[in-house]
Engineer: 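Quick one: the structure is below, questions incoming.
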Amino acid sequence: MDLLGEVMRRFSLLLPILFLFCQKSSAPKEEKTPPSQITFSLEMEESISGERLYRIYAEKSLLYEEKGEIAVIEPRVYFFTDGRVTSRLTAREGRVWLKSSNLLAKGEVVVATEDSTYLFTDSLIWNNSEQRIETDARVKIKNRSSVLEGEGLIADANLSQITIKSPIEGKSDYEFK
């Protein structure tokens, strides 16, 4: 086979692949619904029978009334027990579902308690009806004497009752006797 024939054969094999890559998608693009309202310096509080559960602050929020959601930028959430702040959550972004008052936090999520226990993860949900934090993401928990890591977690807001779903890795300065 001559050189020109070989080049033409290879080009004809590549032509259908090139056609697929260069083709414009015929699927309609999904339109994003614009927010009903944009607010700067949001402050919102959730309570049951007058008892505060959490207070959320955000630099910017976008209300999606039809979805019943509020997207929040750089949220700070303060969790309360018996009227006093017991922990604070910070994240890059999040969501508040208006019907359930559940929260989603994403991006460099940190929960810090009053007794200096810290939870680090990339995302978590505050399940308001269960009054607990839940995630399937990688977690790290640090306090004065130990560092624990694992996958997934269920905990109360002040991190006094924690269940890590996977085998735990870590170290502790605590001496077992």
Side-chain angles (χ1 to χ4, degrees), residues 29-48 51-81 83-171:
K29 290 185 180 180
E30 186 178 348
E31 293 275 333
K32 289 193 174 186
T33 307
S36 316
Q37 184 178 21
I38 298 173
T39 306
F40 294 91
S41 299
L42 171 77
E43 181 178 337
M44 187 174 126
E45 194 168 282
E46 171 67 12
S47 63
I48 294 178
E51 183 178 334
R52 279 189 270 184
L53 299 175
Y54 66 79
R55 181 180 294 148
I56 183 169
Y57 299 92
E59 299 299 316
K60 181 179 179 182
S61 66
L62 299 99
L63 171 64
Y64 295 93
E65 203 163 2
E66 287 183 20
K67 293 181 184 179
E69 297 177 5
I70 301 173
V72 290
I73 310 301
E74 297 187 18
R76 295 177 323 275
V77 181
Y78 296 87
F79 292 100
F80 292 84
T81 303
R84 67 187 230 317
V85 174
T86 55
S87 64
R88 185 184 82 242
L89 177 149
T90 58
R92 292 273 182 211
E93 62 181 298
R95 291 235 176 236
V96 179
W97 285 275
L98 297 173
K99 189 172 184 177
S100 65
S101 296
N102 289 350
L103 307 173
L104 167 69
K106 291 175 31 179
E108 299 178 24
V109 180
V110 178
V111 177
T113 68
E114 295 300 302
D115 70 352
S116 299
T117 300
Y118 296 89
L119 164 64
F120 302 93
T121 188
D122 68 352
S123 64
L124 61 77
I125 289 180
W126 167 253
N127 182 324
N128 199 50
S129 64
E130 300 290 327
Q131 298 292 294
R132 67 184 189 194
I133 294 168
E134 301 173 5
T135 186
D136 289 329
R138 184 97 181 139
V139 296
K140 179 189 277 188
I141 300 166
K142 289 176 71 174
N143 64 21
R144 291 183 186 107
S145 61
S146 62
V147 178
L148 303 174
E149 294 186 57
E151 296 282 331
L153 170 135
I154 298 171
D156 60 350
N158 54 352
L159 303 179
S160 62
Q161 297 178 6
I162 299 171
T163 302
I164 296 179
K165 297 176 182 180
S166 72
I168 299 170
E169 306 162 15
K171 64 180 183 173

Engineer: Compare all side-chain heavy atoms of Arg144 with those of Ser116 and state whether any distance is below 4.5 angstrom.
Structural biologist: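 Heavy-atom side-chain distance check passes, below 4.5 Å.
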Engineer: Taking all non-hydrogen atoms of both residues, which atom of Tyr64 and which atom of Pro34 are closest, and how far apart?
Structural biologist: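 Closest approach of Tyr64 to Pro34: CE2-C, 4.0 Å.
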Engineer: With a 4.5 Å limit on heavy-atom distance, are the side chains of Leu153 and Leu119 in contact?
Structural biologist: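 They are in contact (side-chain heavy atoms under 4.5 Å apart), so the answer is yes.
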Engineer: Is a donor from one side chain sitting under 3.5 angstrom from an acceptor on the other, for Ser101 and Glu46?
Structural biologist: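 Indeed, the side chains of Ser101 and Glu46 share at least one donor-acceptor pair under 3.5 Å.
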Engineer: Rounded to the nearest 0.5 Å, how far apart are OG1 of Thr113 and CG of Leu89?
Structural biologist: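 Thr113 OG1 to Leu89 CG: 12.5 Å, rounded to 0.5 Å.
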Engineer: Under 4.0 Å between a side-chain nitrogen and a carboxylate oxygen: does that hold for Glu134 and Arg132?
Structural biologist: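 Salt bridge between Glu134 and Arg132, a charged N being under 4.0 Å from a carboxylate O: yes.
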Engineer: Are side-chain heavy atoms of Val109 and Asp122 found at a separation under 4.5 Å?
Structural biologist: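 Val109 vs Asp122: side chains apart.
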Engineer: Would you please name every residue forming a side chain to side chain contact (heavy atoms under 4.5 Å, CB included) with Arg138, sequence neighbours left out?
Structural biologist: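 Only Glu149, Glu151, Glu169 meet the side chain to side chain contact (heavy atoms under 4.5 Å, CB included) criterion with Arg138.
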Engineer: A side-chain contact here means heavy atoms from C-beta on lying under 4.5 Å apart; do Ser61 and Ile70 qualify?
Structural biologist: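 Sidechains of Ile70 and Ser61: in contact.
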Engineer: Would you mind telling me which of Asn102, Leu103, Leu63 makes a side-chain contact (heavy atoms from CB on, under 4.5 Å) with Val96?
Structural biologist: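 It is Leu103; the other options fail the test.
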Engineer: Return yes when atom CZ of Arg52 has more than 12 non-hydrogen atoms of other residues, nucleotides or ligands closer than 6.0 Å, and no otherwise.
Structural biologist: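 More than 12 heavy atoms, drawn from other residues, nucleotides or ligands, come within 6.0 Å of this atom.
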Engineer: Taking C-beta and beyond as the side chain, do Thr121 and Lys140 meet within less than 4.5 Å on heavy atoms?
Structural biologist: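 No, their side chains stay 4.5 Å or more apart.
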Engineer: Rounded to the nearest 0.5 Å, how far apart are OG1 of Thr135 and CH2 of Trp126?
Structural biologist: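 Answer for the OG1-CH2 pair, Thr135 versus Trp126, is 14.5 Å.
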Engineer: Which value, rounded to the nearest 0.5 Å, describes the distance between Glu45 atom CD and Arg55 atom CZ?
Structural biologist: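 That separation rounds to 4.5 Å.
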Engineer: Rounded to the nearest 0.5 Å, what's the gap from CD on Glu130 to CD1 on Ile125? Could you check?
Structural biologist: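 Those atoms lie 12.5 Å apart.
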Engineer: If I compare all heavy atoms of Asp136 with all of Lys165, which pair ends up nearest, and what's the gap?
Structural biologist: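 Smallest interatomic distance, heavy atoms only, reads OD1-NZ, 2.6 Å.
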Engineer: With sequence neighbours left out, write down each residue that passes ring pair (Phe, Tyr, Trp, His ring centres under 6.0 Å) with Tyr78, or none if nothing qualifies.
Structural biologist: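 Tyr78: ring pair (Phe, Tyr, Trp, His ring centres under 6.0 Å) contacts with Tyr57.
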Engineer: When you check the side-chain N and O atoms of Asp156 and Gln161, is any donor under 3.5 Å from an acceptor?
Structural biologist: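 No, no side-chain donor-acceptor contact under 3.5 Å.
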Engineer: Return yes when atom CD of Glu65 has more than 12 non-hydrogen atoms of other residues, nucleotides or ligands closer than 6.0 Å, and no otherwise.
Structural biologist: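 Counting neighbours around CD of Glu65, 12 or fewer heavy atoms of other residues, nucleotides or ligands fall under 6.0 Å, so no.
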Engineer: Mind checking the CG-CG spacing from Asp115 to Leu159? Nearest 0.5 Å is all I need.
Structural biologist: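 If we round to the nearest 0.5 Å, Asp115:CG and Leu159:CG are 8.0 Å apart.
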Engineer: Determine the minimum heavy-atom distance between Lys106 and Ala91, stating which atoms define it.
Structural biologist: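 It is O-CB, 3.7 Å.
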Engineer: When rounded to the nearest 0.5 angstrom, what distance separates CZ in Arg76 from CG in Leu42?
Structural biologist: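 Between atom CZ of Arg76 and atom CG of Leu42 there are 10.0 Å.
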Engineer: Does the side chain of Leu124 come within less than 4.5 Å of Val111's, by heavy atoms?
Structural biologist: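 Contact flag for Val111/Leu124 side chains = yes.
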